[in-house]
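Let me begin by presenting the structure, written as structure tokens, before commenting on it.
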Amino acid sequence: GESVGLHLPTLSVQEGDNSIINCAYSNSASDYFIWYKQESGKGPQFIIDIRSNMDKRQGQRVTVLLNKTVKHLSLQIAATQPGDSAVYFCAENNAGNMLTFGGGTRLMVKP
Amino acid sequence: ETGVTQTPRHLVMGMTNKKSLKCEQHLGHNAMYWYKQSAKKPLELMFVYSLEERVENNSVPSRFSPECPNSSHLFLHLHTLQPEDSALYLCASSPLTVGQGFATNEKLFFGSGTQLSVL
């Protein structure tokens, strides 16, 4: 199910290390952001979301950071595991529009 | 299991065939979507239905015809497709907020997709 063929940025990390996946967004009016994970053969799965009135939100082993000044979003995964290997997409939205998805980053976890 | 089920998982069809993709959601959402994910582009929104009415159609060729008979079911009817239409077709659902003259979506729940190959 991943975007095979796209020249996706790839992040390779060692199992147990922390991963940071970055995303730049273009619309300064965007007020809602979301991260998805897509494993091979599956559709995108929701990981975590954040609204623009926050700059950090934590989930289980994941943290999303939002820097509205530079229009930058990041996903941090703690203690990365082989099961975290997937393509990760960020998406942005502002009232009156549909979610706009980025091109994705491929995360590869080395055992 | 996301609560969104798509069938078939894989489909191979010729350019003169007519086929349909099916999507069913068990989440009680009031909006459903078709997305196209190809090898050369990011996720592309094709169609949006809110409360069984189409609210968005992103200039999709007429050889793709959506149908939403109720809030739980969504179809994509395919006819005379081209090889470049080969892609992963994803269905999604979400709560949809409609108000003040606009519709906006947030958290989407995706199915596993139908991998379509057009020969």
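Every value quoted in this text rests on a predicted model; they were computed, and no experiment measured them. In what follows, chains carry the letters A, B, and so on, assigned in the order in which the sequence lines appear, proteins first and then strands, with residues in each chain numbered from 1.
- Put simply, B:L108 and A:I47 are part of two different groups of oily side chains (I, L, V, M, F, W, Y) that touch within less than 4.5 Å, one to the next.
- When all heavy atoms of B:P42 and A:G102 are compared, the pair lying nearest together is CB-O, 3.8 Å.
- Other residues, nucleotides and ligands place no more than 12 heavy atoms under 6.0 Å from the NZ atom of B:K19.
- Note that CD of B:Q37 and CZ of A:F101 are 9.5 Å apart. Values are rounded to the nearest 0.5 Å.
- Residue-environment remark: CD (B:E84) exceeds the threshold of 12 foreign heavy atoms within 6.0 Å.
- The shortest non-hydrogen separation linking A:P44 to B:L43 is CG-CD1, 4.3 Å.
- Contact annotation for A:Y36: only side-chain heavy atoms (C-beta onward) come within less than 4.5 Å of a heavy atom of chain B.
- Residue A:D49 comes nearest to B:K107 through the heavy atom pair OD2-CE, 3.9 Å, listed as atom of the first residue, atom of the second, then distance.
- A continuous path of ILVMFWY side-chain contacts below 4.5 Å connects A:L11 to A:I48, so both sit in one hydrophobic cluster.
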For this session: Please assess B:L88 against A:Q38 for the test side-chain contact (heavy atoms from CB on, under 4.5 Å), listing each intermediate value before the final yes or no.
Result: CA-CA 12 Å; B:L88 181 69; A:Q38 188 172 21; 3.9 Å; yes
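- In the hydrophobic cluster analysis, where Ile, Leu, Val, Met, Phe, Trp and Tyr join through side-chain heavy atoms closer than 4.5 angstrom, A:V87 is grouped apart from A:V109.
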